[in-house]
Structure formats: structure tokens, C-alpha cells
Amino acid sequence: MAKALIQMALDSLDFDQTLALAEQVAPYVDILEVGTPCIKYNGLEIVTALKTKFPNNLILVDLKTMDAGEYEATPFYEAGADICTVLGVSDKATMGGVIKAANANNAEAQIDLISVRDKKAVATEAAKNGAQIIGVHTGLDAQAAGQTPFADLQAIASLNLGVRISVAGGLNKDTIQKTIQAGATIVVVGAAIYGAPSPAESAKELRALVDAA
Ligand SMILES: O=C([C@H](O)CO)[C@H](O)[C@H](O)COP(=O)(O)O
């Protein structure tokens, strides 16, 4: 089985701080995620900057697209995004548009199941329509209300859809291995790295845990 990938969520609004944090963690993570607040604040320029400075990392742009999928995602793929996200609550045509844009740029589309009611149905349909990654995601607001992504992960993993499963939602050193063992092939970490006294040390520790899982 291929090793799981680690994705670091860069959720700062500040352009320079985002690049500085990426510099610290890039050696230990596979994917650098431009988080939704960050991409809304900084736009295409930060994608270009990250792609140029970190050619050995994949770049995920967490667009959380809700409409005009192909139109919205295309410039981000053209700027160097390897993966863009589109909301699973969006229209089938919107998800299809992002998948089309991904394929046109030799890249990938991730369907984010945040706030989707029937997660199994949406994930099944998305995989059938060519999405490469399904994102099981407990957002920051839902985390604050005490929710976790683990039950949803179990439900999606049980479908054996043959696509990669990304999991986000407050993962840390105590939960990352069990997340992989439950079926995640991409583990997303934000606060547990950027909120640590040393983000580089935290990322290094998580890398070791993921490699040993
Ligand atoms: O995607 C995220 C959130 O919805 C804000 O856009 C976070 O980046 C994601 O949840 C990972 O961060 P942590 O939950 O802090 O690990």
C-alpha cells in the first residue's frame, strides 16, 4: 500500500507569513494547502509564489468552489495548482466543471464533503464522475462545536470507491495514525502545526508518525 501523504493547511491571511511557514514545513510534508481564507485574501499570486518556491511539493488550493466550477478553477490550475477543491453541496455540473478543468491541466479535483448531508451518495457519484480525491472534512466551526471527522471517514472508507480519501478536521499527533489506519490516504493538518511552538518540529514528528503508520 502506498504511504499516506501529509498536507499542511496554510490558513494565515498574511502573504509573507504564509511563505515563511511553508518554508519551515515544506521538507516534511507532501502537499502545501493554500487554505480558503488565505486564497480569498491573496488570490492567484500566492499560488504562483508557492509553486515557484516549492517545486517538490504538491500545491492544493482550497477554493471550496460553489458555482461556475470550470471558470473559477481554471486560472488556479494554470497558475500551478495540483489539486483544487469543490464543494460536494454544489451542483453536479459545478463539480463536473472543476473535474474538467483539472483534467485539462493534468491535475486533480477534490470533492469536499463539508456540510453534505448524504455523504455516501455524493462521494459515490463524484467518484463515478471522475473526481480523484474525496475530502472528509470537519471544518473549523464544526470542530468548535465538538465534531470530528472519524465517523464520516469510516462511512466513506467502507464504500471502497477506488479514489483517494483526504481527511481534515483537527488532526494531530494523537489521531493521525488511527486516521490512516481507518482509510485516509491524505491527512491534512493545520492548527496542530501552525499553532505549535516549532511548526518545523511538529511537522517532522507528524512525518515520522505517518511513515510508521
Ligand atoms: O480547511 C480548513 C478549514 O475549513 C478552513 O478553511 C482547514 O484548513 C482544515 O480544517 C485543516 O485545519 P485543522 O482542522 O486546523 O487541522
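Values in this document were obtained by computation on a predicted structure and should not be read as measured data.
- Residues passing the side chain to side chain contact (heavy atoms under 4.5 Å, CB included) test with Pro27: none are found, sequence neighbours excluded.
- With hydrophobic clusters built from ILVMFWY side chains whose heavy atoms lie under 4.5 angstrom apart, Ile193 shares a cluster with Phe54.
- Between Ile180 atom CD1 and Ile186 atom CD1 the span is 11.0 Å, to the nearest 0.5 Å.
- With sequence neighbours excluded, no residue forms a side chain to side chain donor-acceptor pair (under 3.5 Å) with Gln110.
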(request) Begin from the C-alpha positions of Gln7 and Asp62 and carry the test side chain to side chain donor-acceptor pair (under 3.5 Å) through to its verdict. (result) CA-CA 12 Å; Gln7 176 175 318; Asp62 195 10; over 6 Å; no

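- One distance of note links NZ of Lys119 with CD1 of Ile114; it measures 9.0 Å at 0.5 Å rounding.
- Contact of the Val61 side chain with the Thr85 side chain is not registered, since no non-hydrogen atoms from C-beta on lie closer than 4.5 Å.
- Counting only heavy atoms from C-beta outward, the side chains of Pro199 and Tyr194 never approach each other to under 4.5 Å.
- Nearest approach of Ile111 to Gly88, heavy atoms of both residues: CG2-CA, 3.7 Å.
- Annotation: side chain to side chain donor-acceptor pair (under 3.5 Å) contacts of Asp67 (sequence neighbours excluded): none.
- Both Leu63 and Val34 are part of a single hydrophobic cluster, where members link through side-chain heavy atoms under 4.5 Å apart.
- The backbone N or O of Val86 lies less than 3.5 Å from no partner atom in the side chain of Ser90, so there is not a single donor-acceptor pair.
- Taking both residues in full, the closest heavy atoms of Leu13 and Tyr41 are given as O-CD2, 3.1 Å, listed atom of the first, atom of the second, then distance.
- Put simply, the side chain of Thr185 never gets that close to the backbone of Ala4: no donor and acceptor are under 3.5 Å apart.
- Taking 4.5 Å as the limit, every side-chain heavy atom of Tyr77 sits out of range of all side-chain heavy atoms of Ile83.
- Partners of Lys173 by salt bridge (charged side-chain N to carboxylate O under 4.0 Å, His left out), not counting sequence neighbours: none found.
- The shortest distance between side-chain heavy atoms of Glu33 and Ile39 does not fall below 4.5 Å.
- With sequence neighbours excluded, the residues that form a salt bridge (charged side-chain N to carboxylate O under 4.0 Å, His left out) with Glu70 are Lys100.
- Thr175 pairs by the side chain to side chain donor-acceptor pair (under 3.5 Å) definition with Asn172, not counting sequence neighbours.
- Other residues, nucleotides and ligands place no more than 12 heavy atoms under 6.0 Å from the CD atom of Glu45.
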Without placing hydrogens or testing angles, list every side-chain donor-acceptor pair under 3.5 Å for residues 153-168, not counting sequence neighbours.
unit_1: Ser158; atom_1: OG; unit_2: Ala155; atom_2: O; d: 2.6
unit_1: Arg164; atom_1: NH2; unit_2: Glu108; atom_2: OE1; d: 2.4
unit_1: Arg164; atom_1: NH2; unit_2: Glu108; atom_2: OE2; d: 2.6

(message) Thr36 vs Lys64, test: side chain to side chain donor-acceptor pair (under 3.5 Å). Steps then yes/no.
(response) CA-CA 7 Å; Thr36 312; Lys64 293 191 177 78; 2.6 Å; yes

Please output the side-chain donor-acceptor pairs of residues 202-213 that fall under 3.5 Å, not counting sequence neighbours, one pair per line with the distance.
unit_1: Ser202; atom_1: OG; unit_2: Ala192; atom_2: O; d: 3.0
unit_1: Arg207; atom_1: NE; unit_2: Asp211; atom_2: OD1; d: 3.4
unit_1: Arg207; atom_1: NE; unit_2: Asp211; atom_2: OD2; d: 3.3
unit_1: Arg207; atom_1: NH1; unit_2: Tyr28; atom_2: O; d: 3.2
unit_1: Arg207; atom_1: NH1; unit_2: Asp30; atom_2: OD1; d: 3.4
unit_1: Arg207; atom_1: NH1; unit_2: Asp30; atom_2: OD2; d: 3.0
unit_1: Arg207; atom_1: NH2; unit_2: Asp30; atom_2: OD2; d: 3.4
unit_1: Arg207; atom_1: NH2; unit_2: Asp211; atom_2: OD1; d: 3.2

(request) Might you work through the side-chain contact (heavy atoms from CB on, under 4.5 Å) test for Leu113 and Asp152, ending with a clear yes or no? (result) CA-CA 9 Å; Leu113 297 181; Asp152 292 337; over 6 Å; no

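- Note on Val188: it does not cluster hydrophobically with Leu10, by side-chain heavy-atom contacts below 4.5 Å among ILVMFWY residues.
- The two residues Ala131 and Ile99 have their closest heavy-atom pair at N-CD1, 3.6 Å.
- Taking a cutoff of 4.0 Å between a charged side-chain nitrogen and a carboxylate oxygen, Lys120 and Asp118 do not qualify as a salt bridge.
- Leu32 and Val187 end up in the same hydrophobic cluster when Ile, Leu, Val, Met, Phe, Trp and Tyr side chains are linked at under 4.5 Å.
- The salt bridge (Lys or Arg N to Asp or Glu O under 4.0 Å) contacts involving residues 82-96 comprise Lys51-Asp82, Lys92-Glu125, where partners must be two or more places apart or lie in separate chains.
- Here the side chain of Thr179 pairs no donor or acceptor atom with the backbone of Ala184 at under 3.5 angstrom.
- Minimum heavy-atom separation, Pro75 to Leu44: O-CD2, 3.4 Å.
- Residues Leu5 and Leu60 are members of one and the same hydrophobic cluster, defined by side-chain heavy-atom contacts under 4.5 angstrom among Ile, Leu, Val, Met, Phe, Trp and Tyr.
- Across all their heavy atoms, Gly43 and Phe76 have their closest contact at C-CE2, 4.4 Å.
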Contacts under 3.5 angstrom, residues 18-26 side chains, donor-acceptor by atom type, not counting sequence neighbours:
unit_1: Thr18; atom_1: OG1; unit_2: Asp14; atom_2: O; d: 2.7

List the atom pairs, with distances to 0.1 Å, where a side-chain N or O of residues 134-146 and a protein N or O form a donor-acceptor pair under 3.5 Å, not counting sequence neighbours.
unit_1: His137; atom_1: ND1; unit_2: Asp112; atom_2: OD1; d: 3.4
unit_1: His137; atom_1: ND1; unit_2: Asp112; atom_2: OD2; d: 2.9
unit_1: Thr138; atom_1: OG1; unit_2: Thr148; atom_2: O; d: 3.3
unit_1: Gln143; atom_1: OE1; unit_2: Gly170; atom_2: N; d: 3.4
unit_1: Gln143; atom_1: NE2; unit_2: Thr138; atom_2: O; d: 3.1

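- Between Val47 and Ala81 the shortest heavy-atom distance is CG1-N, 4.0 Å.
- Dense packing is recorded around CZ of Phe150, with more than 12 heavy atoms of other residues, nucleotides or ligands lying under 6.0 Å away.
- By the side chain to side chain contact (heavy atoms under 4.5 Å, CB included) test, Val89 pairs with Met66, Leu87, Val116, sequence neighbours left out.
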